[in-house]
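Taking it in order: structure first as structure tokens, then the write-up.
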Number of protein chains: 2
Amino acid sequence: MDLSERKLKILQAIIADFVRTAEPVGSRTISRNYDLGISPATIRNEMSDLEEMGYLTHPHTSSGRVPSAKAYRLYVNEIMEKKELTQEEKDAIAQRLYENVSELDNLIERAAHVLSEITSLTAFALSPGKEQEKLKYINLIPVDERTVVLMIVADSGEVSNTTVRLDKPASEDTLRVLAKNMTYNYSGKTLSEALKVDIIKSFREDAEAMAMFQNNIVPGFIRTLEDMLNVNLYMEGLTNIFSIPEYSDIEKARHFFEMMDRKEDIRRKLIGTDDGIIVTIGGENQEAEFCDCSIVTATYHVDGRMVGKLGVIGPTRMKYDEVTSVVEFLTDNISKSFMITEGDEDE
Amino acid sequence: MDLSERKLKILQAIIADFVRTAEPVGSRTISRNYDLGISPATIRNEMSDLEEMGYLTHPHTSSGRVPSAKAYRLYVNEIMEKKELTQEEKDAIAQRLYENVSELDNLIERAAHVLSEITSLTAFALSPGKEQEKLKYINLIPVDERTVVLMIVADSGEVSNTTVRLDKPASEDTLRVLAKNMTYNYSGKTLSEALKVDIIKSFREDAEAMAMFQNNIVPGFIRTLEDMLNVNLYMEGLTNIFSIPEYSDIEKARHFFEMMDRKEDIRRKLIGTDDGIIVTIGGENQEAEFCDCSIVTATYHVDGRMVGKLGVIGPTRMKYDEVTSVVEFLTDNISKSFMITEGDEDE
DNA sequence: GTTAGCACTCGCACAATAAGAGTGCTAACA
DNA sequence: TGTTAGCACTCTTATTGTGCGAGTGCTAAC
């Protein structure tokens with residue numbers, strides 16, 4: 001059930017106009033502003049067909065047409081041509097991306113920020129997932145007689161630490177043995193595997209070390225592992241929605257903010273999506289709360305593994321061509337940045 | 001220029017009513033709902049006086065009165081009686097405060113969260129300021145041949161670290177010497193003093209160590225110090241403002257969110273205020289953007305030193321008695337928590 | 001000094017009206 | 001058979017007018 005060339009053209013024009021103005025589009029507007037060489041009446045007939053086919057809706061009898069999610073889907077899949085960024089645009093974006101960025105986790109947040117500014121939408125980013133990272137070794141560094149820093153080093157070079165307070169003093173020797181034992185038991189395991197290992201048994205012969213380990217170190221160790229596994233969700237440009245006509249109603253705005261406040265839901269939703277650039281339009285979202293929104297996400301990679309996400313959320317009426325291009329450009333850059341600093345092959 | 005007993009009573013009634021309803025208060029409402037034993041007409045006369053004195057304003061001729069900032073100030077200073085929390089309330093708040101709290105920085109954020117829920121306003125908190133903390137020692141821990149973890153230990157037991165990538169491999173010995181040298185030069189200094197020390201000269205005799213230090217360690221060291229000095233600003237309950245009639249207009253809401261988005265301004269404003277419980281009402285705020293708001297802050301302490309803040313921001317019409325009590329109770333609890341875990345005298 | 005009474009003012013909600021934008025249908029045209 | 005002009009009709013939105021209610025301020029009486 002293909003659409004005629006002309007219907008496609010009209011649909012495209014309606015989408016273009018509606019994306020620009022946020023107002024329902026009438027037949028005369030199309031005939032006047034888009035050079036299709038047909039009269040409003042003809043356009044009306046076509047519109048009527050398109051509506052019947054589910055591509056357009058009608059807020060009320062005497063108002064113009066609004067594209068449906070199905071129309072946007074068609075547009076994104078078939079009509080839309082990828083908007084190639086010019087070299088100047090690319091340079092400008094890259095420059096802003098790397099401004100004030102000292103560490104990589106920082107880069108993710110910055111990317112979300114730049115993305116929200118460019119698109120004037122709300123952008124989000126997920127910091128790299130570390131399920132695949134492996135423990136390299138564990139170190140216990142005495143600070144004072146009853147304070148110890150527990151340091152976990154992953155094979156990527158990522159280091160995380162926590163301060164542990166002991167219930168009785170421990171000698172440096174004890175700590176060294178403990179650390180050695182832990183390293184022996186954990187190294188090579190991924191972070192999530194490490195959470196499941198039971199190494200208490202390896203202290204069987206030394207009750208005191210075991211007690212020390214169990215009561216003091218383990219809680220801190222688990223906390224740190226969980227902390228490393230924890231994926232940060234950054235959100236930027238929340239206030240942009242106040243400039244979007246769809247949210248000029250206070251209840252809509254409230255709903256949006258309350259939705260964005262449920263970080264856990266958002267995180268779950270984002271982690272769920274596949275690799276590559278994903279566009280989810282309106283009702284295509286399973287969750288009722290997102291069904292007025294479109295979400296565009298892209299994935300960035302480390303070692304060819306998908307590890308994090310970047311994207312925007314906004315009204316279904318958005319500039320999909322522009323947004324997808326920018327999101328893609330940014331994730332490509334992030335992936336490249338990880339390559340350069342993670343690998344050692346430069347210079 | 002003191003107010004008569006009766007004027008005070010009337011003013012108090014107006015404030016109570018307006019805080020509750022957010023509607024301008026008329027003379028009949030007061031006479032009906034508050035048992036002052038005087039007729040609306042008398043109240044009207046008094047109101048007229050109060051208005052002339054600057055305690056009340058008049059949105060338009062034929063509408064009730066609204067308390068001015070001056071009235072709230074009088075109320076907070078003179079009329080308001082501190083609302084003592086019942087033991088049950090205290091227990092309930094304390095329980096919620098310590099729910100899911102594993103670390104102290106976490107406690108601050110949690111406190112803001114609980115505060116926002118109790119007051120139905122927007123709450124914020126500043127994590128402890130660390131200007132006074134002193135460096136205890138510095139450690140350089142090799143991870144692999146060209147990766148080193150720089151660890152800074154403060155005398156409070158606070159530990160911070162960063163991963164440093166070296167431009168050429170360094171032996172463990174070199175690192176040990178470097179760390180020793182740094183500890184020698186920095187220990188006992190506060191974090192901010194440390195930022196000003198120039199220890200390059202102490203490597204004068206060892207050009208190679210100096211180069212290594214200067215090019216690789218110093219940037220990471222500075223970054224980590226700045227990171228430790230950095231005071232986190234937590235905000236909770238931003239969406240609460242959608243339930244406040246003052247912000248039912250979309251432009252007002254927008255303005256509020258954009259204001260709260262300027263984290264730096266807010267941080268500066270909060271750090272500026274004095275010790276103790278501070279109530280700043282409407283136009284008393286120097287900054288134009290806060291002059292429709294009231295801000296209540298309180299300080300929490302470590303070792304009797306004021307280190308962090310907790311507070312709420314909302315419309316000038318707020319329950320000052322309740323808010324100040326809760327804010328005070330929470331900061332007291334935070335200060336106590338710091339004492340228990342910082343000191344060693346327990347058990 | 002206090003109060004009742006009353007005229008007056010304003011804002012707000014509601015209905016009525018007019019204008020405008022857009023559709024859908026019909027009939028004519030190429 | 002597809003296209004178009006014309007026209008009646010629908011529905012929204014802005015505007016205007018009206019009445020009501022809440023509240024004031026003033027005056028005169030208590």
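Naming: A, B, ... by sequence-line order, numbering from 1 per chain.
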Residues that A/Thr119 engages under side-chain contact (heavy atoms from CB on, under 4.5 Å), provided they are two or more places apart: A/Leu115, A/Leu121, A/Val312, A/Val323

Any pair counted as salt bridge (Lys or Arg N to Asp or Glu O under 4.0 Å), so long as it reaches residues 46-68 of chain A, sequence neighbours left out: A/Arg6-A/Glu46, A/Lys7-A/Glu46, A/Lys7-A/Asp49, A/Glu51-A/Arg65

A/Lys7 NZ - D/dG2 P separation (whole Å): 10 Å

Nearest-Å distance for atom pair CG/C1', residues B/Leu56 and D/dG23: 14 Å

Side chain B/Asn33, main chain B/Ile30, donor-acceptor under 3.5 Å: no

Consecutive Watson-Crick or G-U pairs in runs of at least 3, all under 3.5 Å, in which DNA chain D is involved: C:1-30 with D:1-30

Salt bridge (Lys or Arg N to Asp or Glu O under 4.0 Å): pairs with one or both residues in residues 277-287 of chain A, sequence neighbours excluded: A/Arg73-A/Glu284, A/Lys269-A/Glu287

Results of side-chain contact (heavy atoms from CB on, under 4.5 Å) for B/Asn45 - residues two or more places apart only: none

Residues which pass side chain to side chain donor-acceptor pair (under 3.5 Å) with A/Glu246, listed by chain and number, not counting sequence neighbours: A/Arg317

A/Glu5: partners by side-chain contact (heavy atoms from CB on, under 4.5 Å), with sequence neighbours left out: A/Lys9

B/S/- contact track for nucleotides 8-25 of chain C, protein heavy atom under 4.0 Å: -BBS---------BSBB-

Presence of A/Thr42 side-chain N/O under 4.0 Å of D/dT4 phosphate oxygens OP1/OP2: yes

Spacing of B/Ile43 atom CD1 relative to D/dG23 atom C1', expressed in whole Å: 13 Å

Separation of atom CG in B/Asn33 from atom P in D/dG23, rounded to whole Å: 11 Å

Partner set under side-chain contact (heavy atoms from CB on, under 4.5 Å) for B/Ser63, not counting sequence neighbours: B/Pro24, B/Pro59, B/His60

